[in-house]
J.: 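Before I ask anything, here is the structure I am working with.
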Amino acid sequence: MKIKKIICSIIVFVLSCGMVINTNALSKSSNTYYQEKGQFNINNSTSRTANNELELFLEDNPEIKSEVESNRDKGLELEALSYTRIYLKEVSDSNGVHFEPVSVEEMRSTRAQSTSYNNLTLSLQLYKDSWNPGYASVNEQAVWSGAPGSSGPNNANDDFMALTVAQNYSITSHGMYGVMTGQAMKDRSGNGVSYRFRENSGSQTLTTNNTYSNYSGQRLFVGLYVHTWNTTNVSFGFTATGPTVSISGSSDNWQIGVDLVRNYD
């Protein structure tokens, strides 16, 4: 079975100061999952309002804030940050307890409260290296957060993260770190890489170091996360529009994506 990222965007509001917020429906089979998406662009003309919105986001997402601050200490200046968040419910079946995304209908219910669900926030962070012109880092960070009383994610099957960088970028090195076990590179190309690992509550980050050439126009960076709870064969390809994924062996999986679009003069 081949599955590709399917995103149908509905723009909720746009702040002219440089932040875009979307809600999205991600389709898998006959189900539609609720998502929240946004992007922050940081440049010399970024307004005070945009900076305040970014600071509020980072305060609400301490693991992402810690990543940004740690990279700042290494001379990496944040140029843009985008994210996708889904909410998750515990489901028990013959494979044990696992997590499945909350549907649009469930989230819209007057009884639904996002704080009663687990959530997964997938972010892309684009950094320019202030100490080494012509170099940049692109990170994909996944943060699992459990609702009160939740057992948190932790199963014996692999999860996967994949990342593609813009076409004028070239990945020179890559790695993965965080609260996971058994991480190992899965697939690799000049502008894309994927890893497999066993997830847990907390933060997992796929990081890439890149060289880039001068450019103008629009540039696209795309991240993908695949969660499985049964034995599943997963492989990735990398195109100009993002990672593609082929899945076989089991339908016990779901995936979310995040993209970052940057426009340059």
J.: May I have the step-by-step check of side chain to side chain donor-acceptor pair (under 3.5 Å) for Glu106 and Ser103, ending in yes or no?
T.: CA-CA 5 Å; Glu106 288 173 296; Ser103 70; 3.2 Å; yes
J.: What distance do Thr205 atom OG1 and Met176 atom CE have between them, rounded to the nearest 0.5 Å?
T.: 7.5 Å
J.: Counting neighbours of CG on Asn214 that are heavy atoms of other residues, nucleotides or ligands and sit closer than 6.0 Å, is the number greater than 12?
T.: no
J.: I need the Lys186 NZ to Asp158 CG distance, nearest 0.5 Å.
T.: 8.5 Å
J.: Below 3.5 Å, can you tabulate the donor-acceptor pairs from side chains in residues 121-131 to any protein atom, sequence neighbours excluded?
T.:
| unit_1 | atom_1 | unit_2 | atom_2 | d |
| --- | --- | --- | --- | --- |
| Thr121 | OG1 | Arg85 | NE | 2.8 |
| Thr121 | OG1 | Arg85 | NH2 | 3.3 |
| Ser123 | OG | Gln125 | NE2 | 3.0 |
| Gln125 | OE1 | Tyr127 | OH | 2.8 |
| Gln125 | NE2 | Gln141 | OE1 | 2.8 |
| Tyr127 | OH | Asn71 | ND2 | 3.2 |
| Lys128 | NZ | Glu79 | OE2 | 3.3 |
| Lys128 | NZ | Tyr215 | OH | 3.2 |
| Asp129 | OD1 | Trp131 | N | 2.9 |
| Asp129 | OD1 | Asn132 | N | 3.1 |
| Asp129 | OD2 | Asn132 | ND2 | 3.1 |
| Ser130 | OG | Gly75 | O | 2.6 |

J.: State, to 0.1 Å, how close Gln204 and Phe197 come at their nearest heavy-atom pair, and which atoms those are.
T.: OE1-CE1, 3.5 Å
J.: Can you list the steps and then say if Ser194 with Phe238 is a side chain to side chain contact (heavy atoms under 4.5 Å, CB included)?
T.: CA-CA 9 Å; Ser194 65; Phe238 307 100; 4.2 Å; yes
J.: How long is the span from the CZ atom in Phe99 to the CH2 atom in Trp144, to the nearest 0.5 Å?
T.: 6.5 Å
J.: What closest approach, in Å, do Pro243 and Val222 show between heavy atoms, and which atom pair accounts for it?
T.: CD-CG1, 3.6 Å
J.: Under 3.5 Å, is there a donor-acceptor pair between the Ser137 and Asn209 side chains?
T.: yes
J.: Please round to the nearest 0.5 Å and tell me the distance separating atom CG of Asp252 and atom CG of Asn230.
T.: 4.5 Å
J.: I'd like to know if the side chain of Thr208 reaches the main chain of Val138, judged simply by a donor and an acceptor atom lying under 3.5 Å from each other, with no hydrogens or angles considered.
T.: yes
J.: Identify which one of Tyr135, Tyr264, Tyr169 satisfies the ring pair (Phe, Tyr, Trp, His ring centres under 6.0 Å) criterion when paired with Tyr212.
T.: Tyr169
J.: Got Val68 and Leu81 here, is their nearest side-chain heavy-atom distance under 4.5 Å?
T.: yes
J.: Would you kindly confirm whether Tyr83 and Ile42 end up in one hydrophobic cluster when ILVMFWY residues are joined by side chain heavy atoms under 4.5 Å apart?
T.: yes
J.: Taking the side chain as every heavy atom from C-beta outward, state whether Ser235 and Asp187 have any pair of such atoms under 4.5 Å apart.
T.: yes
J.: Strictly below 4.0 Å, N to O, side chains only: are Arg196 and Asp159 in salt-bridge contact?
T.: no
J.: Taking the side chain as C-beta and beyond, is there a heavy-atom pair between Glu199 and Met180 under 4.5 Å?
T.: no
J.: Let me check something: do Val226 and Val91 share a hydrophobic cluster, defined by ILVMFWY side-chain heavy atoms less than 4.5 Å apart, either directly or through other members?
T.: no
J.: Contact between Val143 and Ile64 at the side-chain level, heavy atoms closer than 4.5 Å - yes or no?
T.: yes
J.: Measure the shortest side-chain to side-chain distance between Gln255 and Val245 over non-hydrogen atoms and say whether it is less than 4.5 angstrom.
T.: yes
J.: Determine, step by step, whether Tyr34 and Glu105 satisfy the side chain to side chain donor-acceptor pair (under 3.5 Å) criterion, reporting the C-alpha distance in whole Å, the side-chain angles of both residues, the deciding distance to 0.1 Å, and the verdict.
T.: CA-CA 8 Å; Tyr34 175 86; Glu105 290 74 18; over 6 Å; no
J.: Hey, are the side chains of Gln183 and Arg198 touching, using non-hydrogen atoms and a 4.5 Å cut-off?
T.: no
J.: Ignoring hydrogens and geometry beyond distance, is a side-chain donor-acceptor pair present between Thr239 and Thr241 at under 3.5 Å?
T.: yes
J.: Do NZ/NE/NH1/NH2 and the carboxylate oxygens of Glu55 and Lys65 come within less than 4.0 Å?
T.: no
J.: Among side-chain atoms of Thr228 and Asn157, is any donor-acceptor pair under 3.5 angstrom?
T.: no
J.: Membership question, hydrophobic clusters at under 4.5 Å side-chain separation (ILVMFWY): are Tyr117 and Val104 in the same one?
T.: yes
J.: Give the minimum heavy-atom separation between Leu206 and Met161, together with the two atoms involved.
T.: CD2-O, 3.9 Å
J.: Just how far is it from atom CD of Gln218 to atom CG of Asn263, taken to the nearest 0.5 Å?
T.: 5.0 Å
J.: Taking the side chain as everything from C-beta on, heavy atoms only, tell me whether Asn119 gets closer than 4.5 Å to Ile86.
T.: no
J.: Compute both the distance and the angle, then confirm whether Arg219 meets the cation-pi test with Phe221: under 6.0 Å from the six-membered ring centre, within 45 degrees of the axis.
T.: no
J.: What closest approach, in Å, do Leu120 and Ala142 show between heavy atoms, and which atom pair accounts for it?
T.: CD1-CB, 4.1 Å
J.: Once the angle between the rings of His227 and Trp229 is folded into 0 to 90°, is it parallel (under 30°), tilted (30 to 60°) or perpendicular (over 60°)?
T.: tilted
J.: Glu63 and Asn61: side chain to side chain donor-acceptor pair (under 3.5 Å), yes or no, with the steps?
T.: CA-CA 6 Å; Glu63 294 90 349; Asn61 295 272; over 6 Å; no
J.: Say you draw a straight line from CG of Leu224 to OG1 of Thr244; how long is it, rounded to the nearest 0.5 Å?
T.: 9.0 Å
J.: Could you tell me whether the side chain of Ile247 reaches within less than 4.5 Å of the side chain of Thr232, counting heavy atoms only?
T.: yes
J.: Please verify the inter-ring angle class for Phe40 with Phe57; under 30° counts as parallel, over 60° as perpendicular, anything in between as tilted.
T.: tilted
J.: Can you name the ring pair (Phe, Tyr, Trp, His ring centres under 6.0 Å) partners of Tyr177, sequence neighbours left out?
T.: none
J.: Determine the minimum heavy-atom distance between Arg188 and Ile171, stating which atoms define it.
T.: NH2-O, 3.1 Å
J.: Can a side-chain donor-acceptor contact be found between Glu100 and Tyr33 if the only test is distance below 3.5 angstrom?
T.: no
J.: For Pro101 and Lys89, which heavy atoms make the closest approach, and how far apart are they?
T.: O-CE, 4.1 Å
